[in-house]
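Positions are given from 1 along the sequence.
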Amino acid sequence: MFEEFCDFLCNKTKKFITVEINPPHGASIDQILKDIKKYKLHEKVSGFSCTDNPLAKLKMSGVLSAIKVQQTFGKPVIATMSMRDKNKLSLQSTLLGANDFDLRCILALTGDPAKYSDQPEVKGVLERDSTLLLSIIYHLNNGVDYSNKPLNPAPRPIYPFAVSNSYAKDMKQLQKRMIKKLDYGARAIITQPVYTLENAKAVLEIFEEAKTMSIRETAKEAQIVLGQFPIVAARTANFIDDKVPGINVPKEIIDEMNLAAMDGAQKEREVGFRLSKRIFDDVMEAHGKVHLMTHNRFDLCAELIG
């Protein structure tokens, strides 16, 4: 399943769409699975991803959620693992257990700071940034643990994903961070949301250059998936542009959303969806590989994809 998933990702002629799932603040993901089925989203996408306590807020385990999603839909799931909450022993243990359940696409994240948590006095572990997890996966894929002791049995191949900002005043600095993650073995990079075709093309250009500059042979076949977070509310557009690093929402979009908001929620949503649909279609035509992030708005995902 994962081999086919990654082959699909690497195929320039096929469309590749993944949808992010945020596990619940509760002890069951069943309602989320029902919502996905309601909109038949699993029939429209290549796979899913599950987040790992984003913003350090308590949610159901991303890895366990990913296993259940994968078993429910028979579609590959990219499980996010944050360096914030686990040391290298726990990371390896989780990866080995996930491997036995055939969960083998892992998105390596440093993680949002623990100071944002909704849990009292929580402390981050953070032995290193996400390159440590990429390095651990590199070891496991060579049949050894992080201390180079042979694993018996060795795990099946793990496919490491990484993340990247989609915008920077100095795009060469962004490229350097891409190269670093490719050097540590990332097979694919998922970006923060893009909001213009020009931004998308700029990211694609520096990524293709980064692949040629990496020391790792696997970088030659590495892929980039462009993120999209549909904006259907003016306050969301303003918040993302003001508060979220590495994303640029053009002033034209913010102005259009602010004007639409003056005419009520329905107009605001209509304008936001039209703008979001346009960039989704543009990116799918130009690149064909998109990762949708909608805070579990699966109705919106299904409408965008069509």
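The salt bridge (Lys or Arg N to Asp or Glu O under 4.0 Å) check on Lys75 picks up nothing, with sequence neighbours excluded. Residues forming a side chain to side chain contact (heavy atoms under 4.5 Å, CB included) with Lys37 (at least two apart in sequence, or on another chain): His42, Thr72, Phe73. Here Phe239 pairs with Lys243, Val244 under the side chain to side chain contact (heavy atoms under 4.5 Å, CB included) rule; sequence neighbours left out. In this structure, Asp35 has no salt bridge (Lys or Arg N to Asp or Glu O under 4.0 Å) partners at least two apart in sequence or on a different chain. Residues satisfying the ring-ring contact (aromatic ring centres under 6.0 Å, His included) test with Tyr146, not counting sequence neighbours, are His139. Arg156 meets the salt bridge (Lys or Arg N to Asp or Glu O under 4.0 Å) test with Asp102; sequence neighbours excluded.
Lys181 places a side-chain heavy atom less than 4.5 Å from the side chain of Ser130. Between Ile247 and Asn165 there is no side-chain heavy-atom pair separated by less than 4.5 Å. Between Ile224 and His287 there is a side-chain heavy-atom pair separated by less than 4.5 Å. Contact check for Ile137 versus Leu95: side-chain heavy atoms found under the 4.5 Å cut-off. Between Asp183 and Ser214 the shortest side-chain heavy-atom distance falls below 4.5 Å.
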Donor-acceptor contacts under 3.5 Å from residues 203-212 side chains, at least two apart:
| from | atom 1 | to | atom 2 | distance (Å) |
| --- | --- | --- | --- | --- |
| Glu209 | OE1 | Lys172 | NZ | 3.1 |
| Glu209 | OE1 | Gln175 | NE2 | 2.9 |
| Lys211 | NZ | Ala222 | O | 3.1 |
| Thr212 | OG1 | Glu209 | O | 2.6 |

Please tabulate, for the side chains in residues 185-201, all donor-acceptor contacts under 3.5 angstrom to protein atoms that are two or more places apart in sequence or on a different chain.
| from | atom 1 | to | atom 2 | distance (Å) |
| --- | --- | --- | --- | --- |
| Thr191 | OG1 | Gly227 | N | 2.9 |
| Tyr195 | OH | Phe229 | O | 2.7 |
| Thr196 | OG1 | Asn199 | N | 2.9 |
| Asn199 | ND2 | Ser166 | O | 2.8 |

List the atom pairs, donor and acceptor, that lie under 3.5 Å between side-chain atoms in residues 256-270 and the rest of the protein, sequence neighbours left out.
| from | atom 1 | to | atom 2 | distance (Å) |
| --- | --- | --- | --- | --- |
| Glu256 | OE2 | Arg274 | NH2 | 2.6 |
| Asn258 | OD1 | Asn238 | ND2 | 3.0 |
| Asn258 | ND2 | Ile254 | O | 3.3 |
| Gln266 | NE2 | Glu270 | OE2 | 3.2 |
| Glu268 | OE2 | Ala234 | N | 2.6 |
| Arg269 | NH2 | Glu303 | OE1 | 2.9 |

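Nearest approach of Leu91 to Ser82, heavy atoms of both residues: CD2-O, 4.5 Å. Considering every non-hydrogen atom in both Met81 and Lys86, the closest pair reads CE-CD, 4.4 Å. The minimum heavy-atom distance between His291 and Glu20, with the atom names listed, is NE2-CB, 3.7 Å. Shortest non-hydrogen contact noted between Ile136 and Lys88 is CD1-CB, 3.9 Å. Residues His25 and Leu58 approach most closely at CD2-O, 3.1 Å, considering heavy atoms. Looking at every heavy atom in both residues, Asp112 comes nearest to Leu55 through OD2-N, 2.7 Å.
Using a distance-only test at 3.5 Å, with no hydrogens or angles considered, a donor-acceptor pair links the side chain of Asn141 to the main chain of Ile158. A donor-acceptor pair under 3.5 Å is formed between the side chain of Asp241 and the backbone N or O of Val249. Although no hydrogens or angles enter the test, the distance criterion places no donor-acceptor pair under 3.5 Å between the side chain of Ser93 and the main chain of Leu89. A distance-only check finds no donor-acceptor pair linking the side chain of Asn53 to the backbone of Ala56 [under 3.5 Å]. For the pair Glu221 (side chain) and Cys10 (backbone), a donor-acceptor distance under 3.5 Å is absent. A donor-acceptor contact shorter than 3.5 Å links the side chain of Lys277 to the backbone of Leu304. In this structure a side-chain-to-backbone donor-acceptor pair under 3.5 Å is missing from Asp100 to Leu96.
Sorted by first and then second residue, the side chain to side chain donor-acceptor pair (under 3.5 Å) pairs with a member in residues 58-69 read Asp30-Lys68; sequence neighbours excluded.
Classification of Lys149 and Asp145 as a salt-bridged pair fails, no side-chain N sitting under 4.0 Å from a carboxylate O.
A cation-pi arrangement is not found for Arg104 relative to Phe5, the charged atom failing to lie both closer than 6.0 Å to the ring centre and inside a 45° cone about the ring normal.
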>> Run Thr110 and Asp129 through side chain to side chain donor-acceptor pair (under 3.5 Å) and show every step you take.
In response: CA-CA 5 Å; Thr110 299; Asp129 62 18; 5.3 Å; no
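Members clustered with Val122: none, using a 4.5 Å side-chain heavy-atom cutoff among hydrophobic residues. Connectivity analysis of hydrophobic side chains (ILVMFWY, heavy atoms under 4.5 Å, direct or indirect) links Met213 to Ile179.
Counting heavy atoms of neighbouring residues, nucleotides and ligands inside a 6.0 Å radius, atom CZ of Arg235 does not exceed 12 of them.
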